[in-house]
Amino acid sequence: MYKVVVSDLDGTLLDSNHTLSQQTISTVHRIVNEGIRFIIATGRHYHDVKHIAQNLGLDLFLITCNGARIHNKQGQAIFRQDIPQQIVQPLLEMAPKETLLNIYKEDQWLVSKPNKALLDFNKSSGFNYSLADLFSINHENVAKVFFAGKPEPLIELEKKINEQFGDLVSAAFSLPNCLEVMAKDVNKGQALQQVLKEKGFSLEQTVAFGDGMNDYEMLSQVGMPVVMANAHDRLRHSLSHYENTLSSDNHGVAHKLEEIFPA
């Protein structure tokens with residue numbers, strides 16, 4: 001039977017206000033107390049996610065930056081993979097006009113210009129961006145480059161990135177207006193495999209929840225993949241035959257967990 005649950009955050013475990021509902025907290029606590037392992041897998045930065053894990057009240061393995069970082073329950077980094085330094089600037093230069101450029105570099109979140117909407121994602125954790133000239137900084141230790149803007153230009157950008165750098169990076173949409181780029185073969189699915197192997201569990205014993213294309217590899221590998229009602233259209237169409245649940249605003253993760261692990 002299922003022994004592990006792994007969940008994305010935004011649009012999945014968190015509601016549209018980027019908060020945890022009491023129903024979600026109670027349900028996750030119950031299944032953990034019953035022996036089920038719980039893992040968070042997100043595109044967010046570790047220093048942002050550890051605060052959310054603390055609010056959940058559990059010590060968890062945290063897969064962050066879409067798999068570019070893995071931290072164990074003690075907060076130790078057990079895996080990291082960065083984008084090749086020499087291609088960070090070319091990636092930034094490919095961005096359409098008016099696109100907001102973002103970099104996760106070590107403990108920093110660096111952006112090209114202010115954007116209040118981005119801060120709303122992180123208001124509960126206090127993990128904020130810093131303004132920087134992203135073209136002039138040192139491009140070592142960059143876990144993720146991401147672009148926020150209108151969906152149509154970002155779809156074209158994704159195509160260009162895959163054509164020019166597809167052998168060096170992985171690109172995926174976390175939201176329709178957010179395209180994220182990591183090193184080649186970095187994704188939540190690969191990171192999850194590493195965590196499960198370390199803890200002695202299998203993909204077949206795992207339930208996974210997600211709503212974005214950055215969840216695709218994770219969902220397509222596990223024993224029970226669950227797609228949120230509010231998922232990205234491309235994900236819903238790609239995984240239309242998989243399990244689904246209510247939206248994040250309707251406590252979809254908690255609802256499905258209560259079905260899978262009845263009290």
**Request:** Kindly indicate whether the side chain of Asp185, heavy atoms from C-beta on, has any atom under 4.5 Å from the side chain of Gln81.
**Result:** no
**Prompt:** Less than 4.5 Å apart, any side-chain heavy atom of Leu20 and any of Leu56?
**Reply:** yes
**Prompt:** Are Asn214 and Ser174 close enough that a side-chain donor and a side-chain acceptor fall under 3.5 Å?
**Reply:** no
**Prompt:** Looking at Ser16 and Ser248, what are the two nearest heavy atoms and their distance?
**Reply:** N-OG, 4.4 Å
**Step-by-step ring pair (Phe, Tyr, Trp, His ring centres under 6.0 Å) determination, Phe127 to His51** = CA-CA 9 Å; Phe127 179 67; His51 178 84; over 10 Å; no
**Request:** Compare all side-chain heavy atoms of Thr245 with those of Met228 and state whether any distance is below 4.5 angstrom.
**Result:** yes
**Message:** Can you tell me how far apart NZ (Lys50) and CD1 (Ile40) are? Round to the nearest 0.5 Å.
**Reply:** 13.5 Å
**Item:** Closest heavy-atom pair and its distance - Leu100, Ser112
**Value:** CD1-OG, 3.6 Å
**Asked** Do Leu157 and Pro96 come within less than 4.5 Å of each other through their side chains, counting heavy atoms only?
**Response** yes
**Request:** Work out which heavy atom in Ala183 is nearest to a heavy atom in Ile83; give both atom names and the distance.
**Result:** N-CG1, 3.7 Å
**Item:** Lys3 bridged to Glu204 by N-O distance under 4.0 Å
**Value:** no
**Message:** Within the structure provided, determine whether Pro114 and Tyr129 are in side-chain contact (heavy-atom separation under 4.5 Å).
**Reply:** yes
**Asked** Below 4.5 Å, heavy atoms only, C-beta onward: do Ser220 and Tyr242 meet side chain to side chain?
**Response** yes
**Pair Gln190, Glu217: side-chain N/O donor-acceptor within cut-off below 3.5 Å** = no
**Request:** Could you tell me which non-hydrogen atom of Ser7 sits nearest to which non-hydrogen atom of Phe38, and how far apart they are?
**Result:** CB-CZ, 4.0 Å
**Asked** Is the distance between the ring centroids of Phe146 and Tyr104 under 6.0 Å?
**Response** yes
**Message:** Please check: side-chain N/O of Asn250 versus main-chain N/O of Gly252, any donor-acceptor pairing under 3.5 Å?
**Reply:** no
**Request:** Tell me, with the steps shown, if Glu258 and Thr27 meet side-chain hydrogen bond (donor to acceptor under 3.5 Å, both in side chains).
**Result:** CA-CA 7 Å; Glu258 287 160 6; Thr27 301; 2.8 Å; yes
**Request:** Give a yes or no answer on whether the side chain of Thr206 reaches the backbone of Ser202 with a donor-acceptor pair at less than 3.5 Å.
**Result:** yes
**ILVMFWY clustering at 4.5 Å (side-chain atoms), partners of Leu196** = Val4, Val6, Ile39, Phe61, Ile63, Ile70, Ile78, Phe79, Leu192, Val195, Phe201, Leu203, Met218, Val222
**Prompt:** Can Val253 be reached from Ile52 by stepping across I, L, V, M, F, W or Y side chains whose heavy atoms are under 4.5 Å apart?
**Reply:** yes
**Item:** Evaluation steps, side-chain hydrogen bond (donor to acceptor under 3.5 Å, both in side chains), between Asp107 and His47
**Value:** CA-CA 7 Å; Asp107 295 342; His47 287 291; 3.0 Å; yes
**Item:** Pairing of Asp8 and Lys188 as salt bridge, 4.0 angstrom limit
**Value:** yes
**Prompt:** Under a 4.5 Å side-chain heavy-atom rule over Ile, Leu, Val, Met, Phe, Trp and Tyr, are Met224 and Val227 clustered together?
**Reply:** no
**Request:** Kindly compute the distance separating CG (Asn66) from CG (Asn187), expressed to the nearest 0.5 Å.
**Result:** 8.5 Å
**Request:** Measure the spacing between CZ of Arg80 and OG1 of Thr64 and express it to the nearest 0.5 Å.
**Result:** 10.5 Å
**Item:** Audit row: Val32, Leu58, side chain to side chain contact (heavy atoms under 4.5 Å, CB included) steps and yes/no
**Value:** CA-CA 9 Å; Val32 169; Leu58 298 169; 3.9 Å; yes
**Message:** Give me the atom names and distance for the closest heavy-atom approach of Ala229 to Ser247.
**Reply:** CB-N, 3.6 Å
**Item:** Step-by-step side chain to side chain contact (heavy atoms under 4.5 Å, CB included) determination, Phe261 to Val5
**Value:** CA-CA 11 Å; Phe261 308 104; Val5 173; 3.8 Å; yes
**Short N-O contact, Lys159 and Glu156, less than 4.0 angstrom** = yes
**Message:** Using 0.5 Å steps for rounding, measure from the CE atom of Met213 to the CG atom of Asp233.
**Reply:** 11.5 Å
**Message:** So does Leu246 get a backbone contact from the side chain of His251, meaning a donor-acceptor N/O pair under 3.5 Å?
**Reply:** no
**Message:** Just so I know, are the side chains of Phe209 and Leu13 near enough to count as touching, which here means a heavy-atom distance under 4.5 Å?
**Reply:** no
**Item:** side-chain hydrogen bond (donor to acceptor under 3.5 Å, both in side chains) assessment of Gln22 paired with Ser26
**Value:** CA-CA 6 Å; Gln22 189 55 52; Ser26 298; 3.3 Å; yes
**Asked** Can any side-chain N or O of Thr99 pair as donor or acceptor with the backbone N or O of Ala95 at less than 3.5 Å?
**Response** no
**Message:** Do Leu101 and Ile87 land in one hydrophobic cluster if side-chain heavy atoms of ILVMFWY residues count as linked below 4.5 Å?
**Reply:** yes
**Complete:** When Lys144, Arg69, Lys105, Lys184 are each screened for salt bridge (Lys or Arg N to Asp or Glu O under 4.0 Å) with Asp82, the one that passes is Arg69
**Item:** Side-chain donor/acceptor of Asn162 to backbone N/O of Gly166, under 3.5 Å
**Value:** no
**Request:** State, without any angle test, whether Glu198 and Gln194 hold a side-chain donor-acceptor pair at a distance under 3.5 Å.
**Result:** no
**Item:** Rounded distance [0.5 Å steps], OG1 in Thr42 versus CG in Leu62
**Value:** 9.5 Å
**Prompt:** Would you call Arg44-Glu180 a salt bridge at under 4.0 Å N-O?
**Reply:** no
**Request:** Mind running side chain to side chain contact (heavy atoms under 4.5 Å, CB included) on Asn141 and Gln85 for me, showing each step along the way?
**Result:** CA-CA 8 Å; Asn141 305 315; Gln85 179 182 352; over 6 Å; no
**Fill in**
Smallest heavy-atom separation, Leu60 atom then Ala53 atom, equals CD1-CB, 4.4 Å
**Request:** Answer yes or no: are there more than 12 heavy-atom neighbours, outside Tyr216 itself, under 6.0 Å from its atom OH?
**Result:** no
**Request:** Evaluate the side-chain proximity of Tyr2 to Gln205: yes if any heavy-atom separation is below 4.5 Å, no if none is.
**Result:** no
**Request:** Mark yes or no for whether Asn72, through its side chain, and Gln74, through its backbone, hold a donor-acceptor pair below 3.5 Å.
**Result:** yes
**Asked** Is Ile31 linked to Leu9 within one hydrophobic cluster, defined over Ile, Leu, Val, Met, Phe, Trp and Tyr using a side-chain heavy-atom separation of less than 4.5 Å?
**Response** yes
**Message:** What's the separation between atom CG in Asp215 and atom OG in Ser238, rounded to the nearest 0.5 Å?
**Reply:** 12.0 Å
**Message:** Do Leu110 and Met182 land in one hydrophobic cluster if side-chain heavy atoms of ILVMFWY residues count as linked below 4.5 Å?
**Reply:** no
**Prompt:** Going through the distances and angles, do His232 and His237 end up as a side chain to side chain contact (heavy atoms under 4.5 Å, CB included)?
**Reply:** CA-CA 9 Å; His232 192 295; His237 294 153; over 6 Å; no
**Request:** Given side-chain hydrogen bond (donor to acceptor under 3.5 Å, both in side chains), test Asn128 with Trp109 step by step and report yes or no.
**Result:** CA-CA 7 Å; Asn128 297 327; Trp109 172 19; over 6 Å; no
